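So that the names make sense, note that chain A is the first sequence line, chain B the second, and so on, each numbered from 1. Model, not experiment: these values are computed from the prediction.
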Number of protein chains: 2
Amino acid sequence: MNLKQLSELLHLSQTTVSRALNGYPEVSAETRRRVLEAAQRHGYKANSNARKLATGRAGAIGYVLPVGRNVDLDPHFVEFLAGLGEHALMREVDLSLTPAPREREQEAYRRIAASRSVDGVYLSSMRNDEQRIALVRELGLPFIAHGRALDPAAGYGFVDIDNEGAFFDAAQLLLQLGHRRLAFVNGDTDFTFAVHRLDGVKRAMAGHGLPDAALRHHAAAMTEGNGYRLAMALFRDADPATRPTAVLSASMFTTLGIVRALDQLGLKMPRDVSVISHDDVFPFLKPDSFTVPLTTTRSSIRAAGARICERLVNIITGEEKAPLGEIWPVELVVRASTGPAPRAG
Amino acid sequence: MNLKQLSELLHLSQTTVSRALNGYPEVSAETRRRVLEAAQRHGYKANSNARKLATGRAGAIGYVLPVGRNVDLDPHFVEFLAGLGEHALMREVDLSLTPAPREREQEAYRRIAASRSVDGVYLSSMRNDEQRIALVRELGLPFIAHGRALDPAAGYGFVDIDNEGAFFDAAQLLLQLGHRRLAFVNGDTDFTFAVHRLDGVKRAMAGHGLPDAALRHHAAAMTEGNGYRLAMALFRDADPATRPTAVLSASMFTTLGIVRALDQLGLKMPRDVSVISHDDVFPFLKPDSFTVPLTTTRSSIRAAGARICERLVNIITGEEKAPLGEIWPVELVVRASTGPAPRAG
DNA sequence: CCGGTTTTCCAAAGCGCTTTGAACTCGACC
DNA sequence: GGTCGAGTTCAAAGCGCTTTGGAAAACCGG
């Protein structure tokens, strides 16, 4: 059933039927009722491709999905997607994923832009050497970033969390508890979020007169295995008098590994080691259900997904005309994994 | 730049340019070269919506993304997506996600079908009372299922793993090791995979003369918290003479909780309790990096994603004309978490 | 050199929708 | 009675591509 058939059936023009369906005012109430009723009865739905062609709007937002043999999608992506999806539903937009390996990312964006298959895109996993912003700008593709580039010369829309502040607060708490030998199991510092977090920790340390070099810092992919390995390297065979007394962890997955290593080495939280983890709020893995409930810096990535979608749609429709950066505060939730530093000796 | 402009630029008709670009034979090598070169130079890309309208093909596969306040997307979805994406890239199809709450799922499929925004869909998380198969059939929407309905009257394409066999093998191993009191922390038995797994465990038990009632079976969402809670319920304050000596776990997340509970209760694997977990192969959480490496039933969900995409595209193009069920064997990987049952007493 | 292929190219007709510009109806108003 | 404006409806022109049904050009053997 297409528009032509429906309009013939109703003895009306396609114009009128189209307008009745799309809620334009210049059609009588009675006609609209008839049209709606007939459309309903015959299960008529406008062909989305025809509509897209005619209007120039795609009714979808895009994302370039990084794929490749050794690319692991962040598991938090699914939470982000859930948030995005919830809002997308309200605004009746679809989400179009274009898979692309990193080296063909540019090409993918160009294709998206030229083929007009989406109305806008969101960028995530912002890197230090971020190229995409200039690219999508050049392409005239409306966009919003989840996270931000290092370069503060922003002028584009983004939603980010206050990574610097979060890890400042976390480190600050540890320092106030008397810890002086801190370790930080960070994410890959090619990404800006990891850089910001490191900055936060350093700032807190500087505030207590500690040099950057006093921090045991490790950057790696945020997997359970890496958390375990790094914690083992830090604590196995380490002199209790010089080993770290507190660990900051960038994700619940690394924390999982860290906790496992501590367990195995017989180190107790918070007696021997205090631990603070970042928590993106992942329903399958909750910090308060750990044996020793974890102190965390908490920020819902799902909420971020919803907000990203909301703002991107607004940017596309023009409701948001001068996109700006938005930085969310992060809660520090103190639970049982943090405590006073063990007495020296 | 559109086709018309490009063709004028080349002093050729749109027909010829279109054909040159799309690899049709009726165009001279020289002309094709010129066209390709010009298209390249001016960055011409066919408008995807126009093309879709003209060809009737969408160049995308669809998925109805379950969303809602209390719906948690399975974290494995991201791995599945990675696999799907890898193949989608090769076949140059996009992935279109249509968010929908469960109660408006039907509507979403109808909309997808009527608006022809995708060429086919895949279904996942198959339920016992699966309605979607009949629906997409009625809608004439090409589809493939990840997993399968209970009803063996198949006749549709699916890719599933041998859940029954996997858990039969796992239970069998435990039984052969002398375990007689088994517990099974299963996933939600509204889903068929959980039912199949339970069947497998029961079959193995029956083979050893054990009644179904001898199994401590618990079905719940596969979260770390649930694993912990259920393991605690099984082992805390339990008489060592009657408590389970082995636990089967449906996912690495529940296993995480189970292991935590055992740790906390001072129970050692495999001395006090043997554990076998199902492992979907999640790079952020590996069974062989556990303190006690876990015996697992292993099957890559990423590989399944790739295969699903491959077959769905084939079904759409008609290369696969009589879609059939495909059931993958599951490896049983024996590591250190399983051992002989503790001596009675 | 000619009729018949084969190769190469083209004009025009869709695909199914939106939207412009015009027309038609009808009561109101002067 | 004529004009005006509001309220309805419509025909037709796109949107940018693919594809059908030729036609022109080039090639071929006889």
Side-chain angles (χ1 to χ4, degrees), chain A residues 1-36 38-39 42-60 92 94 111-119 140 317, chain B residues 1-36 38-39 42-60 92 94 111-119 140 317:
Chain A
M1 167 72 58
N2 60 24
L3 185 62
K4 190 171 172 199
Q5 294 168 343
L6 183 64
S7 62
E8 278 166 3
L9 205 112
L10 285 161
H11 301 292
L12 283 171
S13 72
Q14 296 189 36
T15 311
T16 304
V17 176
S18 169
R19 287 190 160 147
L21 256 21
N22 293 314
Y24 282 74
E26 53 274 78
V27 53
S28 74
E30 166 59 11
T31 306
R32 165 162 293 133
R33 199 197 50 68
R34 274 181 60 219
V35 171
L36 255 29
H42 295 88
Y44 170 80
K45 241 65 163 210
N47 177 309
S48 76
N49 296 320
R51 178 197 296 247
K52 286 174 190 173
L53 178 58
T55 59
R57 271 173 276 111
E92 298 200 316
D94 283 349
R111 200 154 46 88
I112 284 178
S115 74
R116 329 224 125 264
S117 53
V118 303
D119 297 320
T317 59
Chain B
M1 167 73 58
N2 59 24
L3 186 61
K4 189 169 172 201
Q5 294 167 343
L6 183 64
S7 62
E8 279 166 2
L9 205 111
L10 285 160
H11 301 293
L12 284 171
S13 73
Q14 296 190 36
T15 310
T16 304
V17 175
S18 169
R19 287 189 160 149
L21 257 21
N22 293 316
Y24 282 74
E26 53 275 79
V27 54
S28 73
E30 166 59 13
T31 306
R32 165 162 293 133
R33 200 196 50 68
R34 275 181 59 220
V35 171
L36 253 31
H42 295 87
Y44 170 80
K45 243 48 165 229
N47 177 308
S48 76
N49 295 320
R51 177 195 296 243
K52 285 174 191 174
L53 179 57
T55 60
R57 272 173 276 111
E92 299 200 315
D94 283 349
R111 201 152 48 89
I112 284 180
S115 74
R116 328 225 123 265
S117 53
V118 302
D119 298 319
T317 61

Whole angstrom is fine here: how far is it from [atom1] in [X] over to [atom2] in [N]?
| X | N | atom1 | atom2 | value |
| --- | --- | --- | --- | --- |
| B:N2 | D:dT18 | CG | C1' | 14 Å |
| B:R116 | C:dC15 | CZ | C1' | 12 Å |
| B:Q14 | C:dC15 | CD | P | 17 Å |
| B:Y44 | D:dT18 | OH | P | 6 Å |
| A:L53 | D:dA13 | CG | P | 17 Å |
| A:E30 | C:dT25 | CD | P | 20 Å |

Sugar-phosphate only, base, or nothing, as touched by B:N49 at under 4.0 Å among non-hydrogen atoms: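 No contact.
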Sugar-phosphate only, base, or nothing, as touched by A:S28 at under 4.0 Å among non-hydrogen atoms: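 Sugar-phosphate contact only.
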What's the closest nucleotide to the [X] side chain, out of [options]?
| X | options | answer |
| --- | --- | --- |
| B:N47 | C:dT19, D:dG16, C:dC17 | D:dG16 |
| B:R51 | D:dT18, C:dT19, D:dT8 | D:dT18 |
| A:T16 | D:dT9, C:dC9, C:dT20 | D:dT9 |
| B:A50 | D:dC17, D:dT18, C:dT19 | D:dC17 |

Residue whose closest nucleotide on DNA chain C lies nearer the 5' end, B:T15 versus B:P25: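 Taking each residue's closest nucleotide, the earlier one in sequence belongs to B:P25.
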Side-chain N,O (B:Y24) to OP1/OP2 (C:dT8) below 4.0 Å: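 Indeed not, no polar side-chain atom of B:Y24 lies that close.
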Student check: side-chain heavy atoms of A:V17 and A:Y44 closer than 4.5 Å: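 Answer no - side chains too far apart.
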